[in-house]
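Worksheet: the structure to be examined is printed underneath.
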2 protein chains.
Amino acid sequence: MDAGKPRSISAARPSGRGAPGKRPQEKQGASRKAGNVERKQAILRAALSVFAERGFESARLDDVAARAGVAKGTLYLYFDDKEKLFEEVVQSEVSPILDRIGALASARDMPIEKILEALFQVFEKEVLGTERKHLLRLIIAEGPRFPHIAELYFRNVIGRAMPLISRMAAQAVVRGELQSDALVRFPQLVGAPLLFAVVWDSMFARLQPLDVAGFFAAHRETLVGKMRRTRP
Amino acid sequence: MDAGKPRSISAARPSGRGAPGKRPQEKQGASRKAGNVERKQAILRAALSVFAERGFESARLDDVAARAGVAKGTLYLYFDDKEKLFEEVVQSEVSPILDRIGALASARDMPIEKILEALFQVFEKEVLGTERKHLLRLIIAEGPRFPHIAELYFRNVIGRAMPLISRMAAQAVVRGELQSDALVRFPQLVGAPLLFAVVWDSMFARLQPLDVAGFFAAHRETLVGKMRRTRP
DNA sequence: CTTATATGACTGACCAGTCAGTCATTGCAC
DNA sequence: GTGCAATGACTGACTGGTCAGTCATATAAG
């Protein structure tokens, strides 16, 4: 071994970290601090894909680093540990959903049928149509062992969406659009098919595809009552 | 933490160093003789509780052995490896559900409302009320990484229940008990709240309990249409 | 004694997290 | 503008602990 340099005795530094042009080259002002946002985002994206694919335990941080195009040590410049990284992945994906929920609130006076249609459509496009669907499955899978994450998700998404739906349903009942107050008492009725669609998609789609749009439509139909008009 | 790719299925016989003789009597695909059914069941029970609690990856076979009251080596007299043990746990819990599904088939001529009521009740008692609920969550969590298990579950449970429900719904439509054929086209509508209840229970019950019986009743109410208001 | 079953210390792969070392960039002196 | 020291983001070989799976040995059964 070539001793000489400190660093243990195996300073064999092979390729001497060849990869030269790797520096981010931040824009002017350069926040060279530990805060290269772009790189952090790259890590988060890589982490989502690895976690989604393998689950929290089997996800290897070496893979995350590789996919993000950084060295493993770099991960620790941005995140305290694996668990924290996972939390931030969840957080970062939950935020956009929050916005969508907010948008819903403003649609309060539309007919309930339209609202549900819009809601399901957003879900189909923004969750089922993206990697976010894996995140949802991930939360289900790991939630029980990460109460903190379950709580985060509940407080930010579920806990906000439920009362909102309940309130809109109540208005619909008053307006005579809904015959039953089932949806008022159990806004979860809206969430069930969403969850189901995600699970089916990730597990059984391969064995038997589900016509998600049709499924959602059928569900809306039962919710709204669709009183089979026989002729006005 | 094995990695799924390297270890596990891959051969990679670690130790052994040119083992003296081949394995004892390797019974290909199954454990050796190992005929004590009671002990095997004890191991399966222990494994279910450990897997349910930690997930497949984090589950430690030392824990399974301890809970089953045997030594770790004993596990390998009954199961080839961790993955096989997991599969058998699933298999052993799926079987009883199969019986229930069979029983449903004979109730084909009851009013759809009664059938659904019975179905939901069975689920509440036999799944939500037992450790089996954890299994369901486990399947969701690990299914994507164990296609074999997802398929097993699909073929034995989902794939059988769906057509059955569809057929019963069709009869109900003919009898005029259902105004819409939504349930015929999407028997999954019945499964959605079941799945949802399991997930809610394991993740959010602590934060906001769900009145499962009420939830199921509300869902039945929307499905059946409860024709209160009528057409013009 | 021979065979079936059980045990648990042990082996080696595996991986989260660490840290000594590197080097592009920046800032200061001339 | 040129030279050079300081900075700190980045790297990846390494460590320490964990755990699936093994096997020499022990015990029970026949």
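First the proteins, then the strands, lettered A, B, ... as listed; each starts at 1.
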**OP:** Kindly confirm or rule out a cation-pi arrangement of A/Arg39 over A/Tyr78, judged by NZ or CZ under 6.0 Å from the six-membered ring centre and within 45° of its axis?
**Re:** no

Original post:
When we call it a touch if two heavy atoms are under 4.0 Å apart, what does B/Lys72 touch: a base, just sugar-phosphate, or nothing?
Top reply: base

Original post:
Checking all strands, does B/Ala59 fall into the base, sugar-phosphate, or nothing category for heavy-atom contacts under 4.0 angstrom?
Top reply: sugar-phosphate

Subject >> Shortest side-chain distance from A/Arg60, nucleotide among C/dC15, D/dT11, D/dA20 >> reply: C/dC15

**OP:** Return the 5'-most residue of the pair A/Phe56, A/Gly73 with respect to DNA chain C, ranking by each residue's nearest nucleotide.
**Re:** A/Phe56

Subject >> Gap between atoms CD and C1', on A/Glu38 and D/dA9 respectively (whole Å) >> reply: 15 Å

Original post:
Between D/dG21, C/dG17, D/dT11, which nucleotide gets closest to the side-chain atoms of A/Lys82?
Top reply: C/dG17

**OP:** Whole angstrom is fine here: how far is it from CG in A/Leu61 over to C1' in D/dT11?
**Re:** 16 Å

Subject >> Rounded distance (Å) that lies between atom P of C/dA20 and atom OH of A/Tyr76 >> reply: 17 Å

**OP:** Rounded off to whole Å, could you give me the CG-to-P distance for the A/Leu75 and C/dC19 pair?
**Re:** 16 Å

Subject >> Between B/Arg145 and A/Ser58: side-chain donor-acceptor atoms closer than 3.5 Å >> reply: yes

**OP:** For C/dT5, take OP1 and OP2 only and decide whether either is under 4.0 Å from a side-chain N or O of B/Arg39.
**Re:** no

Original post:
So, the side chain of A/Lys40 versus the backbone of A/Phe79: is there a donor-acceptor pair under 3.5 Å, distance only?
Top reply: no

Original post:
For D/dC10, does either OP1 or OP2 sit under 4.0 Å from a side-chain N or O belonging to A/Tyr78?
Top reply: yes

Original post:
Rounding to a whole Å, what distance do you find between B/Phe79:CZ and C/dA6:C1'?
Top reply: 15 Å

Subject >> Atom pair distance, as rounded to whole Å: CG in B/Leu77 and P in C/dT3 >> reply: 18 Å

Original post:
Mind checking whether B/His219 and B/Phe215 have parallel, tilted or perpendicular rings, split at 30° and 60°?
Top reply: tilted

**OP:** Take atom CG of A/Asp63 and atom C1' of C/dC14, then tell me their distance rounded to the nearest Å.
**Re:** 12 Å

**OP:** Give me the ring orientation class for B/Phe86 and B/Phe51: parallel if the planes are under 30° apart, tilted from 30 to 60°, perpendicular past 60°.
**Re:** perpendicular

Original post:
When the distance from CG of B/Asp62 to P of D/dC19 is rounded to whole Å, what number comes out?
Top reply: 8 Å

